[in-house]
Amino acid sequence: ETNNVIEESKKTKVICEEMFKPFARVEPRGEVGLAQTLIETDMLLDDKEVRSVCDPCFEFENCYAKLDVVKKWRNQINIYLIKASTKMEDRFLDELAFQYWVVTKCGYKVHQTFVIILNDEYVRGVKLNKKELFVYLDFTDVVKNKALLVDENVRNIKAALSSEENSPDRDLDMCCFEPFKCPYFDYCKSLHGLPERSIFEIPRQMHKTSVKLYKEGISTLEQALDI
């Protein structure tokens, strides 16, 4: 399920990027080449011949942000977050606020921030009309306000990650799976004493059912089969 979402996001991003041509791209190099991607991003944003940059990378105090597209506007930049969705979600703004925070901490001035989603009223003709396919939503003011909270949120996250004693005191719930399964789920599952063949191993990722049964005191697949 998660892999399908990722693939759809990649396809949508590739189509949307064509709206920003001509553009330069920061090529991915993995964790080993992170420093090089940061240098390349700075070089492209300093290059007067380059108007837009895809996949630019920024880092501030070990907080890393890889953006979809930035476009120059005079001596500032606009940030574009591309989503393969027809509906606007609050988590998109959280992501955009974090990107804005990192970029501005790196010394760049941001003019506007946009979320780009799919137009659910668009009907394709013989040719794909990219301008009608996408909807540009300006959330500049909202993002600026949300970015004011990022400093404290980053401090709290770093504190939680630095020590087992500071692990979030929260039970397993749907927040572990929405919008995607948390990469720390197995760690938290072990903290709550659940076995490897737990109720959360139900096939087809029926997370709501698993959470419901877990809250009823059923923690293993064997217990679920005895119901």
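Just so you know, these numbers come straight off a predicted model, no measurement behind them.
Environment of NZ in Lys109: sparse, with no more than 12 heavy atoms of neighbouring residues, nucleotides or ligands closer than 6.0 Å. Surrounding CE of Met43 are at most 12 heavy atoms belonging to other residues, nucleotides or ligands under 6.0 Å away. Enclosure of atom OH in Tyr64 by more than 12 non-hydrogen atoms of other residues, nucleotides or ligands within 6.0 angstrom is indicated.
Side-chain contact between Lys13 and Asp55 is present, with heavy atoms from C-beta onward closer than 4.5 Å. Between Lys87 and Ile117 the shortest side-chain heavy-atom distance does not fall below 4.5 Å. Contact annotation: the side chain of Leu81 never approaches that of Phe139 to less than 4.5 Å [non-hydrogen atoms, C-beta and beyond]. Side-chain contact between Tyr136 and Met19 is present, with heavy atoms from C-beta onward closer than 4.5 Å. Contact of the Asp171 side chain with the His192 side chain is registered, since non-hydrogen atoms from C-beta on lie closer than 4.5 Å. With contacts defined as side-chain heavy-atom distances shorter than 4.5 Å, the pair Asp151/Trp101 qualifies. Using a 4.5 Å cut-off on side-chain heavy atoms (C-beta onward), Ile82 and Phe114 make no contact. Between Val110 and Asn78, the closest side-chain pair of non-hydrogen atoms is not below 4.5 Å.
In this structure, OH on Tyr184 lies 13.0 Å from OG on Ser190, to the nearest 0.5 angstrom. Rounded to the nearest 0.5 Å, atoms CG (Leu213) and NZ (Lys208) are 14.5 Å apart. In this structure, OG1 in Thr140 is found 7.5 Å from NE2 in His111, a value given to the nearest 0.5 Å. With values rounded to the nearest 0.5 angstrom, Arg170 atom CZ is found 15.0 Å from Leu191 atom CG. Ile116 contributes atom CD1, which lies 13.0 Å from atom OG of Ser85 (distance to the nearest 0.5 angstrom). Rounding to the nearest 0.5 Å places OG1 of Thr209 at 11.5 Å from CD1 of Ile218.
Residues Leu45 and Tyr80 do not share a hydrophobic cluster, defined by chaining ILVMFWY side chains whose heavy atoms lie under 4.5 Å apart. Hydrophobic cluster membership is shared by Val103 and Phe60, with clusters built from Ile, Leu, Val, Met, Phe, Trp and Tyr side chains linked at under 4.5 angstrom. Cluster annotation: Val102 and Val154 are assigned to the same hydrophobic cluster (Ile/Leu/Val/Met/Phe/Trp/Tyr, side-chain heavy-atom contacts under 4.5 Å, transitive). Both Leu128 and Leu118 belong to a common hydrophobic cluster when Ile, Leu, Val, Met, Phe, Trp and Tyr are linked at side-chain heavy-atom distances under 4.5 angstrom. Ile39 and Ile77 fall into different hydrophobic clusters, defined by Ile, Leu, Val, Met, Phe, Trp and Tyr side-chain heavy atoms under 4.5 Å apart, directly or through other members.
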task = Check step by step if side-chain contact (heavy atoms from CB on, under 4.5 Å) holds for Met88 and Val115.
result = CA-CA 8 Å; Met88 184 60 204; Val115 175; 3.8 Å; yes
ask   = So Phe20 and Lys71, side-chain contact (heavy atoms from CB on, under 4.5 Å) or not? Walk me through it.
value = CA-CA 8 Å; Phe20 295 90; Lys71 185 175 182 179; 4.2 Å; yes
inquiry  = Checking Asp173 against Tyr214 for the side chain to side chain donor-acceptor pair (under 3.5 Å) test, could you report, in this order, the C-alpha distance in whole Å, the side-chain angles of both residues, the deciding distance, and whether it holds?
reply    = CA-CA 9 Å; Asp173 208 328; Tyr214 171 72; over 6 Å; no
request  = Any chance you could lay out the salt bridge (Lys or Arg N to Asp or Glu O under 4.0 Å) test for Glu216 and Lys212, step after step, and finish with the verdict?
outcome  = CA-CA 6 Å; Glu216 292 174 356; Lys212 179 176 181 295; 2.9 Å; yes
ask   = For Lys105 and Glu61, what are the C-alpha separation, side-chain angles and deciding distance, and is it a side-chain contact (heavy atoms from CB on, under 4.5 Å)?
value = CA-CA 9 Å; Lys105 289 292 185 180; Glu61 294 185 349; over 6 Å; no
Criterion side-chain contact (heavy atoms from CB on, under 4.5 Å) on Ile199 and Thr220, from CA distance to verdict = CA-CA 5 Å; Ile199 193 64; Thr220 67; over 6 Å; no
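Scanning all heavy atoms of the two residues, the minimum distance from Lys158 to Cys63 falls at CE-SG, 4.0 Å. Annotation for Gly125 and Tyr122: closest pair N-OH, 4.2 Å, computed over non-hydrogen atoms. Pairing each heavy atom of Pro56 with each of Val26, the nearest pair is CA-CG2, 3.9 Å. The nearest pair of heavy atoms linking Pro28 to Lys66 is CB-NZ, 4.3 Å. Heavy-atom minimum distance, Cys57 versus Thr41: N-OG1, 2.9 Å. Nearest heavy atoms, Pro195 versus Ser219: CD-O, 4.2 Å.
Under a 4.0 Å N-O distance rule, the pair Lys189/Glu196 does not qualify as a salt bridge. With respect to Glu17 and Arg25, a salt bridge is recorded, a charged nitrogen being found less than 4.0 Å from a carboxylate O.
Side-chain atoms of Asp42 and Tyr108 include a donor-acceptor pair closer than 3.5 Å. No side-chain N or O of Thr12 forms a donor-acceptor pair with one of Glu8 less than 3.5 Å apart. The closest side-chain donor-acceptor pair between Gln112 and Asp138 falls under 3.5 angstrom.
A donor-acceptor pair is defined here as one N or O able to donate and one able to accept, closer than 3.5 Å; such a pair exists between the side chain of Asn119 and the backbone of Glu132.
When the salt bridge (charged side-chain N to carboxylate O under 4.0 Å, His left out) test is applied to Lys72, no partner is found at least two apart in sequence or on another chain.
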Pairs of donor and acceptor atoms involving the side chains of residues 90-100, under 3.5 Å and at least two apart or interchain, shall be tabulated with distances.
unit_1 : atom_1 : unit_2 : atom_2 : d
Arg91  : NE     : Glu89  : OE1    : 2.7
Asp94  : OD1    : Lys146 : NZ     : 3.0
Glu95  : OE1    : Lys83  : NZ     : 2.9

